[in-house]
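Each chain gets a letter, A, B and so on, in the order the sequences are listed, and its residues count up from 1. From a predicted model like this one, the values you see are computed outputs, not experimental measurements.
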Amino acid sequence: MIKTVKKIIAGSILIILLLLFYQSVSFAQDAVLDYAFQEEKYREIKSEFEKAKSQYLKHKSVSSEKEALDKTKSFLIQRNSVMNAYFLALIQKLNSTPNISSQAKDENIQKIQTEIKYLEEHVKKYIQAESLSQAFAASVEFEEKKPQWAKLNKETISLILIVKTNNANNRLSQLNKELKPLAKKIDNKILNDWLTESESLNNQIKTKIEAAKLALETIKNGKDRELEENYYLVSSEIDAAREIIKRGINYQKALISQIEGNL
Amino acid sequence: MKQENVIFPDPNLSAVPPISGVNQIDSPQLPDEENLPTNSQSSNQDQKPKKNNKLTYVIVAASSLFLLLTIVLILSLAQSPKPKKKVTVSTPTPEVQAAAQSTQSALLKQIKDKVLDLEEEVNDDNFEELDVSFPLVDWQVNF
């Protein structure tokens, strides 16, 4: 009897743990979807806001002003929600990208969470606004954060891109190692040349990744007005690295095809 | 005379060459008259050191010879050409060949799948967009 009770308790604990795990995983997956959903909702609310705005500017009546205030508040609250969902999606991207150093990840997540807390406080100002001018004043505070958030966005995206590219390069290198013994068995100079070429691409990709890392440092420490230029550098280095990875993949596909023919 | 008896009690042993230092041994103290051993007794006792010396010679000589032989043996072994390993070339049976080929095919298939996965990931348009581009919201809201 006691044994049966123990089994039931153990089974229940296991089920609860599994449910909690599933919930946390699905939450992480939903963060990006939620961001898309909030953007969609924002567009809907924006059209209502635009209508109310034009009615108010046309009639300037008390009722139209009240309507305009309500729609403006809803619109600004939704804009806040979009930004909040965006930051949560960024955290999810950071968490789901393998091989990001824990220091870099923690540093980014901490910055993002500070902004999420700001948004949670800031939304209260829209809710409490009793006039259009109060709502607009609160809106200006939000708008002034744009350069800071844009920088945080570029930092985080650059970091994820660099790590993703590095991961892809490591996989390419690993596949070269796996292909090597098979290619060596077939005593064919062309095959070995392809393999050597594919291996040499790894170093070219590493050089591009290092250049992207340097550009990321300039994003972090550089001036806001140089942000786009520095992000362009990261992006172009990553693009170039990606193109080289594609070339490496083509060599590997050709190798595989030749080995298949010789088996 | 007694001293001579002490050193060479046995006439047969006199052929052994003298050991350096043995002749310089101080003359042993003569025992008292009443404690003087009989002729036969004294001959047995005094013979022991000489026998020990002889034994030492034999052991040293044998050890040296053994050591020398060992060195010669090691040197000769080191210089002698190593015996060639017999290389037996056996032709794998068709079954073994087929099994090896099948293993290689399976391995190649795995690698191919991984290459295709990597290609898909790298070619994905979202590789850089990440589904999380900066929000396209209005950054100036006013009437």
Item to complete: With the side chain counted from C-beta on, respond yes when Glu121(B) and Arg171(A) share a heavy-atom pair under 4.5 Å apart, and no when they do not.
Response: yes
For residues 253-261 of chain A against chain B, heavy atoms under 4.5 Å, the residues are Lys253(A), Ile256(A), Ile259(A), Glu260(A)
If one checks every heavy atom of Lys154(A) against chain B at 4.5 Å, the contacting part turns out to be neither
Under 4.5 Å to a heavy atom of chain B? For Asn167(A) that would be neither
Honestly, the part of Tyr56(A) sitting under 4.5 Å from a heavy atom of chain B is side chain
With a 4.5 Å cut-off on side-chain heavy atoms, are Leu172(A) and Val122(B) touching?
no
query: Between Leu108(B) and Leu179(A), is a side chain to side chain contact (heavy atoms under 4.5 Å, CB included) present by the stated rule, with each step listed?
result: CA-CA 8 Å; Leu108(B) 197 64; Leu179(A) 276 170; 4.2 Å; yes
So, the part of Glu178(A) with a heavy atom under 4.5 Å from chain B: the answer is both
Among residues 132-143 of chain B, those lying within the under-4.5 Å heavy-atom range of chain A are Val132(B), Ser133(B), Phe134(B), Pro135(B), Leu136(B), Val137(B), Asp138(B), Trp139(B), Gln140(B), Val141(B), Asn142(B), Phe143(B)
Residues at least two apart in sequence or cross-chain that pass salt bridge (Lys or Arg N to Asp or Glu O under 4.0 Å) with Lys41(A), listed by chain then number, are none
Okay, Thr97(A) and chain B: the region with an atom under 4.5 Å from a heavy atom over there is neither
Taking a cut-off of under 4.5 angstrom between non-hydrogen atoms, the residues of residues 63-72 of chain B near chain A are none
